[in-house]
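As the structure is a computational prediction, the values presented were derived from the model and not from experiment. Ligands are counted one by one from 1 in listed order, and the atoms in each one are counted from 1 as well.
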Amino acid sequence: MADTQTLAPAPAPTGDARPAPERFAEQYVPRFVDKWDALIDWDRRKASEADFFVERLRAAGARRVLDVAAGTGFHSVALIEAGFEVVAVDGSAAMLEQARANAARRGHTLEAIHADWRELGTKVTGTFDAVVCLGSSFPHLFDAGDRRHVLGEFAARIAPGGLLMLDHRNFDAIRAHRYKSSGNFYYCGTGAKVSVDHADETLCRFRYDFADRETYTLEVYPVLENEMRGLLEDAGFEAVETFGDFKRVFDIYATDFVIHVARRP
Ligand code: SAM
């Protein structure tokens with residue numbers, strides 16, 4: 001029998017049961033966090049991104065970067081190694097602990113702050129040249145008011161002219177039941193199978209089956225590409241550019257991840 005960790009409530013037939021907004025951190029139990037790096041495979045993920053984020057940060061003249069969804073530290077470490085000053089934030093203490101350890105193993109001391117985005121301004125002060133929110137983290141926000149509020153929190157941490165880079169799974173394809181992950185981006189590890197367990201317009205549940213027969217689920221809000229662009233524009237961001245799997249021209253039904261790059265006026 002597979003060891004299935006049901007970390008979030010299964011949706012009721014009415015579709016009204018989903019994790020309370022504050023429950024995102026509960027989904028990242030320590031055993032799942034331990035497996036996260038095998039899931040993403042740092043080397044393959046780095047190769048697939050091909051410096052996409054580093055190039056855009058350099059082009060914008062960025063120096064200080066706030067990684068608000070640090071997870072186990074993949075982007076924080078990559079950006080430190082590319083020469084940026086990085087502050088890492090995450091709402092999961094388990095993720096942050098792993099990020100600190102991963103950074104230390106590579107000879108870096110990571111400045112890591114445990115904070116929920118909804119109260120970012122109470123934990124992180126000052127502004128940065130860029131905020132990055134990567135790895136399909138933003139869809140952890142189920143509440144429409146939270147999504148708008150959090151984009152305001154991100155904007156408040158970005159200096160005028162600075163960048164916000166934010167990505168998400170291709171929920172356009174997932175909601176149309178036309179999604180087939182290439183396995184080439186983000187989750188590049190080969191020791192786990194990621195599948196969509198449930199998808200409708202309000203809830204997407206991913207299932208992670210690991211080679212050791214442990215299974216975990218993650219529940220997120222399935223934000224659409226145009227919906228996310230609208231949210232960014234409503235939050236006052238401009239020059240919003242959208243990429244599919246790091247390409248400017250892309251087929252929405254043959255894309256794993258959607259990446260938005262926006263500027264704070
Ligand atoms: N960026 C990492 C990566 O790509 O490997 C981690 C991605 S993981 C899917 C999402 C991360 O966002 C988790 O570490 C989670 O704790 C964090 N997160 C989700 N909602 C959050 C919130 N409201 N405040 C702070 N962190 C949050």
Per-atom filter on ligand 1: closer than 4.0 angstrom to a heavy atom of Ser92 are 16 (O)

Gly135 heavy atoms within 4.0 Å reach ligand 1 at atoms 4 (O), 7 (C), 9 (C)

* Backbone or side chain, does any N or O of Thr72 fall under 3.5 Å from an N or O of ligand 1? -> no

Worksheet entry | Cation-pi check, Arg178 onto Tyr253 ring (under 6.0 Å, within 45° of axis) | yes

Atoms of ligand 1 under 4.0 Å from any heavy atom of Ala69, numbered from 1 in the order shown, are 1 (N), 2 (C), 6 (C), 12 (O)

With heavy atoms and a 4.0 Å threshold, my read on which part of Arg45 contacts ligand 1 is side chain

For Asp90 and ligand 1, does the shortest N/O to N/O distance drop below 3.5 Å? yes

Heteroatom proximity flag, His140 to ligand 1, N/O under 3.5 Å:
no

Numbered in order shown, the ligand 1 atoms found under 4.0 Å of a heavy atom of Ala115 are 24 (N), 25 (C)

Heavy-atom side-chain contact between Phe154 and Phe128 under 4.5 Å = no

Contact check, side chains of Leu57 and Val65, non-hydrogen atoms, under 4.5 Å
yes

Note: Asp116, heavy atoms under 4.0 Å from ligand 1, region reported as both

Atom 25 (C) of ligand 1: of Gly91, Ala25, Pro139, the nearest heavy atom sits on Gly91

Just say parallel, tilted or perpendicular for the rings of Phe206 and Phe171, cut-offs at 30° and 60°.
tilted

* **Lys/Arg-Asp/Glu bridge criterion (N-O < 4.0 Å) met for Asp200, Arg175** => no

- Are His75 and Glu49 linked by a side-chain donor-acceptor pair shorter than 3.5 Å? yes

- [ ] Could you tell me whether ligand 1 has any atom less than 4.0 Å away from a heavy atom of Trp36?
- [x] yes

I'd like to know whether ligand 1 has Phe74 as a neighbour, heavy-atom separation below 4.0 Å.
no

Say whether Thr255 and Asn170, considering side chains only, have a donor N or O and an acceptor N or O under 3.5 Å apart.
-> no

Is it true that Phe52 and Phe246 have ring centroids separated by less than 6.0 Å? yes

In His168, Glu201, His140, Glu227, the residue satisfying side chain to side chain donor-acceptor pair (under 3.5 Å) with Tyr221 is Glu227

* **Under 3.5 Å: N/O of Leu141 near N/O of ligand 1** => no

Logged contact type for Phe24 with ligand 1, heavy-atom cut-off 4.0 Å, is side chain

